[in-house]
2 protein chains.
Amino acid sequence: MRVRHEDTRDQILEVALELFVAEGYETASISEVAERLGITKAAVYYHFPAKEDLLLTLVGPFLDHVDEMLATAVPTGHFPAGRRKLLETYLDVLLKHRTLVCLLSRDVSSLNHPPVGQRVKDQTRRLESMLAGPRGGKAAEVRAVAALGVLRRPLVHLPQQDLSDFCSMLIDGAMAVLSVPLPRKRPGKRPQQAAVS
Amino acid sequence: MRVRHEDTRDQILEVALELFVAEGYETASISEVAERLGITKAAVYYHFPAKEDLLLTLVGPFLDHVDEMLATAVPTGHFPAGRRKLLETYLDVLLKHRTLVCLLSRDVSSLNHPPVGQRVKDQTRRLESMLAGPRGGKAAEVRAVAALGVLRRPLVHLPQQDLSDFCSMLIDGAMAVLSVPLPRKRPGKRPQQAAVS
DNA sequence: GTCTATAGGCAGATAGAC
DNA sequence: GTCTATCTGCCTATAGAC
């Protein structure tokens, strides 16, 4: 029965990922996966004991990859050269798992499964604190979070766009965000309305 | 029976928003909303004819606010001063509707309702093309998308953090991203591995 | 490996009493 | 306005034939 693909199992994973991204993990249904493949729900349950195993199987390798990267990463995260290298390798990983980045960035329901959400949360926290450095205070934390927005948003919001040619531009952008100075406070004045000089 | 709040209707909206953000629109259930308020599903359906009306009622004023802002916005989006003003007013709106920004940023299932998703998509497209300017090509488009990541990610990923003191820092960051130059291509060379000079 | 059939649960939504 | 009771439908998951 093999028409040309490796395995039914792989096809299930492929379709499941597509549907999870399009509708969200909880909203997408096993029946829908099965229908698209011209098989029945029961056939899917032969390959995966539960719906959650689809999610875990899809997401596992990506999260492993990130963990690996974070372990290897230079712990000198707050020196400019170290930060740049860190951002570069991270962006590489994100690009290689772009569809999963879309899933985890836009679907709360997949993050609400502790084995997934906890890992993502921990990884993000580690990465952000490496970028923020040990003594940056709140401002550095905000900058780190914002800098990751530079890397991730284009991956998620420009799905058709091949970003290979723009990687170093994005890295430069993230680096710029990490270096933005915090203007001195002016207590008593309206704090969030900035004057256009 | 009024303990101190205005109305049951408002309480329903309040709880619904909280649950939609926490679990995603489709995953959250009317029963859950009702339970939290100590009433029944039927009571909720007295105030709102369908589940979707909860979403639309919550999201409407925010989207109206954005539409209004975009209409008022100076069409000189690609001059630095105009861009800055645009980003400032946009960030203001996002901060005022921060919880809804969280919902729409992290829950695909709410965006899959056309009256919501279409508006959000259109607004984002308009804003991004204003920021990108008429003649920037793909690079400017990518920069615009990335710049919005600077504004939005901290709102969504630092929910506890009051960002009032960091607004101008975020604006500066977004402006910096919009100004990052695109390095000349070097065809034939590995395109996405950037050398650390 | 894939099927049919079905169990069991919970969702959104409605009818009608109070 | 809120209730109880109920309808209908889809979901995850399982049992057992082929």
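In what follows, every chain begins at residue 1, and chains take the letters A, B, ... in the order their sequences are listed. On a predicted model such as this, the values are computed, not experimentally measured, just so you know. Reckoned from all heavy atoms, side chains included, excluding hydrogens, waters and symmetry mates.
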*Using whole Å, report how far NZ of A:K51 lies from P of D:dC11.*
9 Å
*Would you call B:R126-B:D67 a salt bridge at under 4.0 Å N-O?*
yes
*Please give, in whole Å, the distance from D:dA13 C1' to A:L54 CG?*
13 Å
*Send over the distance from B:D53 CG to C:dG12 C1', rounded to a whole Å.*
13 Å
*asked:* Rounded to whole Å, please give me the gap between NZ in B:K41 and P in C:dA13.
replied: 10 Å
*The side chain of B:I30 lies closest to which of these nucleotides: C:dT4, C:dG12, C:dT14?*
C:dG12
*Side-chain contact, heavy-atom cut-off 4.5 Å: B:R152 with B:S105?*
yes
*Is a salt bridge present between A:R153 and B:E128, judged by a nitrogen-to-oxygen distance below 4.0 Å?*
yes
*asked:* Against the six-membered ring of A:Y25, is A:K51 placed for a cation-pi contact (under 6.0 Å from the centre, within 45° of the normal)?
replied: yes
*asked:* With a 4.0 Å cutoff (strictly under), does any side-chain N or O of A:T8 reach OP1 or OP2 of C:dG1?
replied: no
*Nearest to side-chain heavy atoms of A:H47, which nucleotide of D:dA13, C:dG1, C:dA15*: C:dG1
_d(CD, B:E26; P, D:dC10) in whole Å_ = 14 Å
*Kindly point out which of C:dT2, D:dC11, D:dT2 is positioned nearest to the side chain of A:S31?*
D:dC11
*State which of D:dC3, D:dA13, C:dC3 makes the closest approach to the side chain of A:I39.*
C:dC3
*asked:* Rounding to an integer number of Å, can you tell me how far A:E35 CD sits from D:dT12 P?
replied: 12 Å
*Roughly, in whole Å, what's the span from OH in B:Y46 to P in C:dC18?*
19 Å
*What nucleic acid atoms does B:A28 come within less than 4.0 Å of, heavy atoms only: base, sugar-phosphate, or nothing?*
sugar-phosphate
*Between B:R98 and B:D162, is there a salt bridge with N-O shorter than 4.0 Å?*
no
*For B:S29, report the nucleic acid contact type (base, sugar-phosphate, nothing); a contact means any heavy atom under 4.0 Å.*
sugar-phosphate
*asked:* In whole Å, I'd like the distance from the OH atom of A:Y45 to the P atom of C:dT4.
replied: 17 Å
